[in-house]
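Note: hydrogens, waters and symmetry copies are ignored here, and every other heavy atom, side chains too, is used.
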Amino acid sequence: MRTFLIIVAALFVVGCEPGATPKLADLHQVADYRSAGELRVATRIDPASYRNNGDGKASGFDHDLLQKLGEHLGIPVRFILFPDATRALEAVIRGQVHLAAAGVGRNDRLPLTWTSPLREIDYVVVGRAENPEFIDEKALAGRTVSVRHGSLAADHLNQVRKRVPGMNLHFPANAADARLLDELAAGHLDLVATDRVHFALAAQTSPNLAVVFDLPVGSTVGWALPPDAKGGLATEIEDFLAGTRTNDTLARLSDRYFGHIRRLDDSAVTAFLARIQARLPHYRPHFQEAQARTGVDWRFLAALAYQESHWDPLATSWSGVRGMMMLTSETADRLGVHDRLDPRESILGGARYFAMLREQLPDDVPEPDRSWMAAAAYNLGMGHMNGARTIAQRMGKNNASWLDMKAVLPLMSRPEYASRLKAGAARGGEAVIMAENIRNYHDILLRLEHAYIPPLQPTGLKLGATAKTPHPSDG
């Protein structure tokens, strides 16, 4: 009966597209991945490993890395979604999938074979911000800690319970870390034990959460294979992972999903969430119209606008930039924006400006790095961005990678580097901070706001592939 419930609960995704409930035969004993003609992966909906962006596409650290593994093996990847990590791992033990990738820490007490580490994690106890930090584990007396059964945090807390009378452990059904943290933020749970990355992701939308105690236990995230996995797929995976470490693929994916979280303090997140409720509804149609005209996701444009003006259509800076998208008068004139303080005009003009910046970057700059570099150029101007890319190339860095470029951009304020720039010195470090903030705001909007699918592509504001982007620093 238990196996039947697991099968009924599972949903699968082939590649990036959502699928329907699989046939029962799909979860019978799986053949070798070559014979099966696909790599079947058990996973779960989780902000760190596998997420749905609301536009029919999936993403996530493990998702993206597995897609690259599929390309390496020359076979498609089928993701089978389970309600929780426990049942995803059980599917591996039962031989129903080739591996599980659910963003969980390695636990050698389970009858599984683990790949080499993908990233390190440490565990914490999380409470609400009004809770004081715990000096030691004795402070857990009389408290109830909710934790995912089978995790290393649960194993450690089971030992703590023997030493701390009155401490209670709670193992909820379908205890995904994100769900437990949401329940904690809503006041339905007392404390939650999780890893620090899941806490940081939850704090993006629940700033009332805080770490109250660091657990003295750490682990690594890996993929789980059957207990007898030797040679074959296991060897192929290790060869692939070794390559991702050598060519920095693993580092870039880690930065993509985790490099920017916790850059915003709790007060900034609280203010942003409040303005999503109070201000965004007035301007959402304009951002969605801008998406229809430029092809840039409206939530990214809204994140960019929030960084620029906090969605204040009358915003004005000391340097003379004005409006929702903080355009200079010269840029506004060239884009045909007659009134920078008109929110619709400003949003459409700023969206066009951003899209043109993104278009001007070379073809070898991939997404999402392309959008992040364009966000930095929105602040700096493309002249400075091109200069920084030249410096990066001379330093032997990858100037098509945001991970490398955000290390180079702060150098632009130093005289020894500024002297090499045609456009002169620039506050590159400030541009990095702004771009990283936009990444945070965009992540939050992706989780809270629905994707927009335009009914028809409107006319107007056509983008030319070779259009020159106006910016005062380009001269």
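Annotation: side chain of Leu225 is in contact with side chain of Thr115 (closest heavy-atom distance under 4.5 Å). Within the 4.5 Å cutoff, no side-chain heavy atoms of Val197 are placed close to those of Tyr257. Contact annotation: the side chain of His286 never approaches that of Leu348 to less than 4.5 Å [non-hydrogen atoms, C-beta and beyond]. When side chains are defined from C-beta on, Met373 counts as touching Leu361, because their heavy atoms get closer than 4.5 Å. At least one side-chain heavy atom of Leu118 sits under 4.5 Å from a side-chain heavy atom of Asp62.
In this view, Phe240 and His72 satisfy the ring pair (Phe, Tyr, Trp, His ring centres under 6.0 Å) rule, not counting sequence neighbours. Residues meeting the salt bridge (Lys or Arg N to Asp or Glu O under 4.0 Å) test with Glu120, sequence neighbours left out: none. Listed by chain and residue number, Arg44 satisfy the salt bridge (Lys or Arg N to Asp or Glu O under 4.0 Å) test with Asp46 (two or more places apart in sequence, or in another chain). Take Ala268 and apply the side-chain contact (heavy atoms from CB on, under 4.5 Å) test, not counting sequence neighbours, and it matches Leu264, Asp265. For Phe354, the ring pair (Phe, Tyr, Trp, His ring centres under 6.0 Å) partners two or more places apart in sequence, or in a different chain, are Phe300. Checked against salt bridge (Lys or Arg N to Asp or Glu O under 4.0 Å), Asp255 has the following partners two or more places apart in sequence or in another chain: Lys406, Arg439.
Side-chain contact annotation: Arg322 with Thr316, donor-acceptor N/O pair under 3.5 Å present. In the model, Ser267 has no side-chain atom that pairs as donor or acceptor with a side-chain atom of Thr270 under 3.5 Å. A donor atom on one side chain and an acceptor atom on the other are found under 3.5 Å apart for Ser116 and Arg245. Side-chain contact annotation: Asn440 with Gln204, donor-acceptor N/O pair under 3.5 Å present. Between the side chains of Asn107 and Trp114, no donor-acceptor pair of N or O atoms lies under 3.5 Å.
The closest donor-acceptor contact from the side chain of Thr43 to the backbone of Ala101 lies under 3.5 Å. A donor-acceptor pair is defined here as one N or O able to donate and one able to accept, closer than 3.5 Å; such a pair exists between the side chain of Ser309 and the backbone of Met324. In this structure, the side chain of Arg370 engages the main chain of Val365 through a donor-acceptor pair within 3.5 Å. Ser206 places no side-chain N or O within 3.5 Å of a backbone atom of Asn208 that could act as its donor or acceptor partner.
If you take CG on Leu301 and CD1 on Ile347, they are separated by 8.5 Å, rounding to the nearest 0.5 Å. We find the CG-CE distance between Asn386 and Met382 to be 6.0 Å, quoted to the nearest 0.5 Å. Between atom OG1 of residue Thr249 and atom CG of residue Asp64 there is a gap of 11.5 Å, rounded to the nearest 0.5 Å. One distance of note links CD of Glu308 with CG of Asn379; it measures 7.0 Å at 0.5 Å rounding. Once rounded to the nearest 0.5 Å, the distance linking CE of Met405 with CG of Leu403 reads 11.5 Å. To the nearest 0.5 Å, atoms CZ (Phe272) and CD1 (Ile444) are separated by 5.5 Å.
Between Arg358 and Glu367, at least one side-chain N (NZ, or NE/NH1/NH2) sits under 4.0 Å from a carboxylate O, which counts as a salt bridge. For the pair Arg179 and Glu183, the salt-bridge criterion is not met [side-chain N within less than 4.0 Å of a carboxylate O]. With salt bridges taken as basic N to acidic carboxylate O contacts below 4.0 Å, none links Arg299 and Glu449.
Between Arg252 and the options Asp369, Asn398, Thr244, a side-chain contact (heavy atoms from CB on, under 4.5 Å) holds for only Asn398.
Within 6.0 Å of atom CZ in Arg447, more than 12 heavy atoms from other residues, nucleotides or ligands are found, so the atom counts as buried in its surroundings. Within 6.0 Å of atom CD in Glu238, more than 12 heavy atoms from other residues, nucleotides or ligands are found, so the atom counts as buried in its surroundings.
Ring geometry, His260 versus Trp372: the interplanar angle falls from 30° to 60°, so the pair is classed tilted. The aromatic rings of His310 and Tyr306 lie parallel to each other, their planes meeting at an angle below 30°, with 60° marking the opposite boundary. Between Phe258 and Phe61, the ring planes are tilted. Angles from 30° to 60° get that label.
Phe79 has its ring centre less than 6.0 Å from the ring centre of His63.
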